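Structure, as structure tokens:
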2 protein chains.
Amino acid sequence: MNQPTKKKKVTIKDVAKHAKSSMSTVSMVVNGKGYVSDIKRKEVLGAIRQLGYVPSAPARSLASNRTNNIGFILRESHFTLSEPFYTRIFLGAEFEAKNQNYYVLLATVADDYEREADTPRLLKERNVDGIIIAGKVNSELLMEVEDSGIPFVLVDYQYKSYPSITIDNRNGSIEAVRYLMEKGHKDIAFLGSDIRHPSISDRLEGYQLAMLKAGHQDTKSMTFIDEDKSPTLQTGFDLGMRILGGKRKPTAVFCANDALALGLIKYAKQKKLKIPEDLAVVGFDDVEGGKFSTPQLTTVRVFKEQMGELALRLLAELLDDIPTLNSKFERSNHMLTVPAELIIRESA
Amino acid sequence: MNQPTKKKKVTIKDVAKHAKSSMSTVSMVVNGKGYVSDIKRKEVLGAIRQLGYVPSAPARSLASNRTNNIGFILRESHFTLSEPFYTRIFLGAEFEAKNQNYYVLLATVADDYEREADTPRLLKERNVDGIIIAGKVNSELLMEVEDSGIPFVLVDYQYKSYPSITIDNRNGSIEAVRYLMEKGHKDIAFLGSDIRHPSISDRLEGYQLAMLKAGHQDTKSMTFIDEDKSPTLQTGFDLGMRILGGKRKPTAVFCANDALALGLIKYAKQKKLKIPEDLAVVGFDDVEGGKFSTPQLTTVRVFKEQMGELALRLLAELLDDIPTLNSKFERSNHMLTVPAELIIRESA
DNA sequence: TTGATATATCGAAGCGCTTCTATAAATTTC
DNA sequence: GAAATTTATAGAAGCGCTTCGATATATCAA
């Protein structure tokens, strides 16, 4: 009679006994290293299955000095942001983490980060093997991570020449502007803010490049930037006044992101302008709100999930490579760029 | 290349030596249990500070048989949903977890969940002390969690009488309908879908209650539900046709959620109806998109972050209570409800 | 005063795993 | 065909912590 008592945890020892071998052999089978004969391997695998053995994460960590955790650091305001941009990056990372057998620990940090006081627990406790940092974060924090010696990968941001995953903002912008030109537009304006953010300045650059190539020398008079504001709906609305209030009115506007574009559209609609007939608008990011707006927003899609996935993969690679790090043949370029894709909807 | 002096890990042993006491005493100080004299405590605390000692999470887990991790289970589609609803609940939980010294491990599960194959790792490995389940999930999974014996709390869902945090949908709806009445509306319709979801049926109930109380007997002819569709923008748009195509046109519509409301507005605007003059619309959830829409959506706010926070707190309480669980005086009701609040914007 | 009880500290036994070492058999080398 | 090397397995140390006695002293109730 089998008693359905509280099933005691099955340990590696039980497996060893059951498979008539040693703990070390079982460990080797589980981790796929060392020398194990095929017969033994099969016996051990069988025992594992029969007993339903699952290794204990903490025990492994303790013995091997690896945590199998990846930290994901994100500014609080990037979560509370109206758009689930970074959330999706996180999701992508989490997805890939499953494949790679990592847990992802999320740590949000305050915007007014202060060293010591706000250091994420996972850093203090060194409870991760590697870290993904998403978006722009306080440089104090960046240095702290750097100092910790824990390998890390940046997403949608760059710092020195540390590994990073960024958007191909320049080419995405060029594609957007070209599309506007194809539609017959000549007076194409650029609308932006917070120009210090590398992503945004790259988008401006793409705009300028495309305009220049098409023979438009004067982009300056068509560039509307409020550099101290963050790129929100409100900012777009406010800049709308400047754009549509001037004497030389553009027929199309390429916006540095979707929130700005939505804000501009709101202002334009209020001024009884028809979109896209009177004013064509293209955004950047492909946020959810753009699908629901009237008209639906034409924009440049950023593959957010994919960026997270890539970041995790790159990090995992880095972690495995560590013994090779001293090699002279070390592949030094770990800065990846993911393409952005024009999504044609109604607003242009 | 500066060579970082790899600082050796400071262990409890080092602290003990430095404070001239034993490991067990240090442990007791750190965990605040057992008997320790004030003098010793101060010495130990001093040593900890001086050496910068941080306990090792895996070692603690292994020795104490607690992980200090909380699992957060969520359906994949609830993340990819256009709205960061559950994301915000997660955020709230994560926030509170920091206070309570837990890590939150997120596990997303597929919609077509199958036992065994898809069991989240954190369940298989029993790598958590407790679990938060957000939203409606497959009942297989629910049973699996139940069987595991790991304490859990549901958020925005209920199962048997397990601990849960839910929205006060009924009162929120009543408030919304009352507001519409105050504005002079008599013909108020209800728009909904997926009526089997408890949240949605509660909202319908609130609507009916409010209508009845105001002397409107016939709510049926004013209730528009597509029960097989999920409550999305598209569904709202489609139902708009039915609502506005009938002979008895309502002057106001209370929608089961914001996505439906936004869809309805889209349709109404297409039909050249002015909102709120020709048709007042109220939603439910207070999603981001509602702030950006034209007109901005009047809705019922759900405190998502707070729900997550509450869930974590309740779970933590449960975990601490476990020794008391056998007590006859055990407080049996762990099913909490959080209020919903009417947000007045432009659409009504 | 005297057991009983509360307070205080320490040493040591594990928690479940990885990995180093020892040992031996099988295989390769020249 | 003896030495060197590769393959195969087991045993045991120890990762950093918690916690269970053991022991000792201080405090209390009668």
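Here is the naming used below: chain letters follow the sequence lines, and residue numbers restart at 1 for every chain. These numbers were taken from a predicted model, which means no experiment stands behind them.
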Give, ordered by number, those residues of residues 14-21 of chain A having at least one heavy-atom distance below 4.0 Å to an atom of DNA chain D; if nothing qualifies, reply none. A:Lys20, A:Ser21
If you take any heavy atom closer than 4.0 Å to DNA chain D, which residues from residues 23-50 of chain B end up in contact? B:Met23, B:Ser24, B:Ser27, B:Asn31, B:Lys33
Do any pairs count as a ring pair (Phe, Tyr, Trp, His ring centres under 6.0 Å) and have a residue in residues 8-57 of chain A, sequence neighbours left out, and if so which ones? none
Rounded to whole angstroms, how far apart are NZ on A:Lys13 and C1' on D:dA10? 14 Å
Of all residues at least two apart in sequence or in a different chain, which pass the ring pair (Phe, Tyr, Trp, His ring centres under 6.0 Å) check with B:Tyr102? none
Donor-acceptor contacts, no H, no angles, side chain residues 153-160 of chain B, under 3.5 Å, sequence neighbours left out:
from, atom 1, to, atom 2, distance (Å)
B:Asp156, OD1, B:Ser199, OG, 3.2
B:Asp156, OD2, B:Tyr86, OH, 2.8
B:Gln158, NE2, B:Ser164, OG, 3.3
B:Tyr159, OH, B:Glu146, OE1, 2.9
B:Lys160, NZ, B:Glu146, OE2, 2.9

Start and end of the DNA chain C segment that chain A contacts, any atom under 4.0 Å from a heavy atom: C:dG16 to C:dT19
According to salt bridge (charged side-chain N to carboxylate O under 4.0 Å, His left out), does anything in residues 93-107 of chain B pair up with another residue at least two apart or in another chain? List the pairs. B:Glu96-B:Arg313
List the residues meeting side chain to side chain contact (heavy atoms under 4.5 Å, CB included) with A:Ser61, not counting sequence neighbours, and say none if there are none. B:Pro58
Would you indicate whether the side-chain heavy atoms of A:Arg60 and A:Val30 approach each other to under 4.5 Å? yes
Results of side chain to side chain contact (heavy atoms under 4.5 Å, CB included) for A:Asp14 - residues two or more places apart only: A:Val10, A:Thr11, A:Leu51
Mind jotting down which residue pairs meet the ring pair (Phe, Tyr, Trp, His ring centres under 6.0 Å) criterion with at least one end in residues 106-154 of chain A? Sequence neighbours excluded, please. A:Phe152-A:Tyr162
So, using side chain to side chain contact (heavy atoms under 4.5 Å, CB included) as the criterion, who are the partners of A:Ser37 when residues are at least two apart? A:Ile39, A:Lys40
Distance check needed: D:dT19 P versus B:Leu62 CG, whole Å only. 12 Å
Which pairs, with at least one residue in residues 100-113 of chain B and sequence neighbours excluded, count as a salt bridge (charged side-chain N to carboxylate O under 4.0 Å, His left out)? B:Arg75-B:Asp111
Tell me what A:Pro55 touches on the nucleic acid: a base, only sugar-phosphate, or nothing, going by heavy atoms under 4.0 Å. sugar-phosphate
